[in-house]
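Remember, it's a predicted structure, so these values are computed and weren't measured experimentally.
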Amino acid sequence: MSTYVYCITRSGDAGPLPEDLTGVGDPPLPVRQLEQDGLTAVVSDCPGRLRPKRRDLLAHQRVLTEVGRKSAALPMRFGSIAEADDDVRDVLREHADSYRQKLQQLDGRVEYNIKAVHQQEAVLHHVLARNSDLRARAEANRRAGGGTYEERLQFGELVAAAVRECETEDAEAVRRALEPAAEAVRVGPESTGWFVNLSFLVTQTDAERLLTAVRRLTDELPHLELRVNGPLPPYSFTDA
């Protein structure tokens, strides 16, 4: 079997793992630790055919959560596999200084991922309330029984442009409001499902400061919905 790698931590920091802690596979495979140059890789054997099934994704996250309770850890993405234990030890030996430095930087820190979306009805009211030209056009179309097809099309395009402008402004507002609570910020992948995708690295003591800023921002911008995921292992701030 090949070796599945969950995370890297400093030797001794994770302590003995629970005897019933298992990782990926069906049936789930036991988790163990590989030591090299003052570092520990938390690993298990890897089944021959590994697919990102919910069971295995949860097992991966469960191991990271257990290790993260006790120590700073460099989390590996799901599906990080080496051919054998010795290959893992070789990587630990080769990058020992870099891993130790990164672990020091992440000690006592967690990641919060925050995505922003607009509540559709609320943002439409918001852009109309602050744009007199759009309000006038909407009223004119209403008096004309909805207006012609071309008028409705033009009005829709203007509203869409106003919403995009609002997204740009609100994205800046989100970052400006939340960034002071974080030590670092990373921009996540774009998607049609949200217009902000940011990950914040915060100390565990500053996490409440970040969450307070989230609550304050949603009170100030009721058309904005912020989706918070965390605390998480600091995936976005790890180059392991």
Does the separation of the ring centres of Y235 and F237 fall below 6.0 angstrom?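 Between F237 and Y235, which both carry aromatic rings, the centre distance is not below 6.0 Å.
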
Looking at [atom1] of [X] and [atom2] of [Y], how far apart are the two atoms once the value is rounded to the nearest 0.5 Å?
X    : Y    : atom1 : atom2 : value
L58  : T65  : CG    : OG1   : 10.0 Å
E121 : L124 : CD    : CG    : 6.0 Å
L21  : E19  : CG    : CD    : 11.0 Å
L201 : L210 : CG    : CG    : 11.0 Å
E66  : Q61  : CD    : CD    : 12.0 Å
H60  : Y6   : NE2   : OH    : 8.0 Å

[X] and [Y]: which non-hydrogen atoms are nearest, and at how many Å?
X   : Y   : result
V24 : S44 : CG2-OG, 4.2 Å
A41 : V88 : CB-CG1, 3.6 Å
S80 : R77 : OG-O, 2.8 Å
E35 : S11 : OE1-OG, 2.6 Å
D87 : A82 : CB-CB, 4.2 Å
A59 : G23 : CB-O, 3.4 Å

Taking [Y] as the starting point, is it possible to reach [X] by hopping between hydrophobic residues whose side chains are less than 4.5 Å apart?
X    : Y    : answer
L232 : I114 : no
L64  : Y112 : no
V63  : F78  : yes
V202 : V214 : yes
V228 : L224 : yes

F200 and side-chain contact (heavy atoms from CB on, under 4.5 Å): which partner among V110, V185, D206? V185

Using the side-chain contact (heavy atoms from CB on, under 4.5 Å) definition, which of the options R93, E94, H95, R89 pairs with D37? R93

Distance-only, no hydrogens or angles: does the [X] side chain make a donor-acceptor pair with backbone N or O of [Y] under 3.5 Å?
X    : Y    : result
E111 : P231 : no
R227 : V117 : no
S191 : W194 : no
N197 : P189 : yes

Check: [Y] and [X] side chains under 4.5 Å, non-hydrogen atoms:
X    : Y    : result
C166 : H118 : yes
K115 : L226 : no
P75  : T238 : yes
L134 : V159 : yes
E165 : V163 : no
C46  : T3   : no
R62  : T22  : yes
V43  : Q33  : no

Is there a side-chain contact (heavy atoms from CB on, under 4.5 Å) between L198 and N113? Walk through the geometry before answering. CA-CA 6 Å; L198 296 173; N113 175 258; 6.0 Å; no

Using the ring of each side chain (for Trp, its six-membered ring), is H126 parallel, tilted or perpendicular to H223, with breaks at 30° and 60°? parallel

For a quick check under 3.5 Å, do E83 and S2 share a side-chain donor-acceptor pair by atom type? no

Is it true that the side chains of T9 and T40 contain a donor and an acceptor less than 3.5 Å apart? no

Using the rule given for salt bridge (charged side-chain N to carboxylate O under 4.0 Å, His left out), can you reason through R215 versus E208, listing the C-alpha separation, both sets of side-chain angles and the distance that settles it, and then say yes or no? CA-CA 10 Å; R215 292 189 290 268; E208 184 55 36; 2.5 Å; yes

Would you call [X] and [Y] a salt bridge, taking side-chain N to carboxylate O under 4.0 Å as the test?
X    : Y    : value
R130 : E169 : yes
R32  : D85  : yes
K53  : D56  : no

Determine which pairs satisfy salt bridge (charged side-chain N to carboxylate O under 4.0 Å, His left out) with at least one residue from residues 3-18, sequence neighbours left out, and list them in order.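 Salt bridge (charged side-chain N to carboxylate O under 4.0 Å, His left out) check on residues 3-18 returns R10-D13, R10-D107.
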
For K102 and L74, what are the C-alpha separation, side-chain angles and deciding distance, and is it a side-chain contact (heavy atoms from CB on, under 4.5 Å)? CA-CA 8 Å; K102 180 61 73 172; L74 303 181; 3.3 Å; yes

Please determine whether salt bridge (charged side-chain N to carboxylate O under 4.0 Å, His left out) holds for the pair D219 and R216, giving the CA-CA distance in whole Å, both sets of side-chain angles, and the decisive distance to 0.1 Å. CA-CA 5 Å; D219 287 341; R216 184 184 303 117; over 6 Å; no

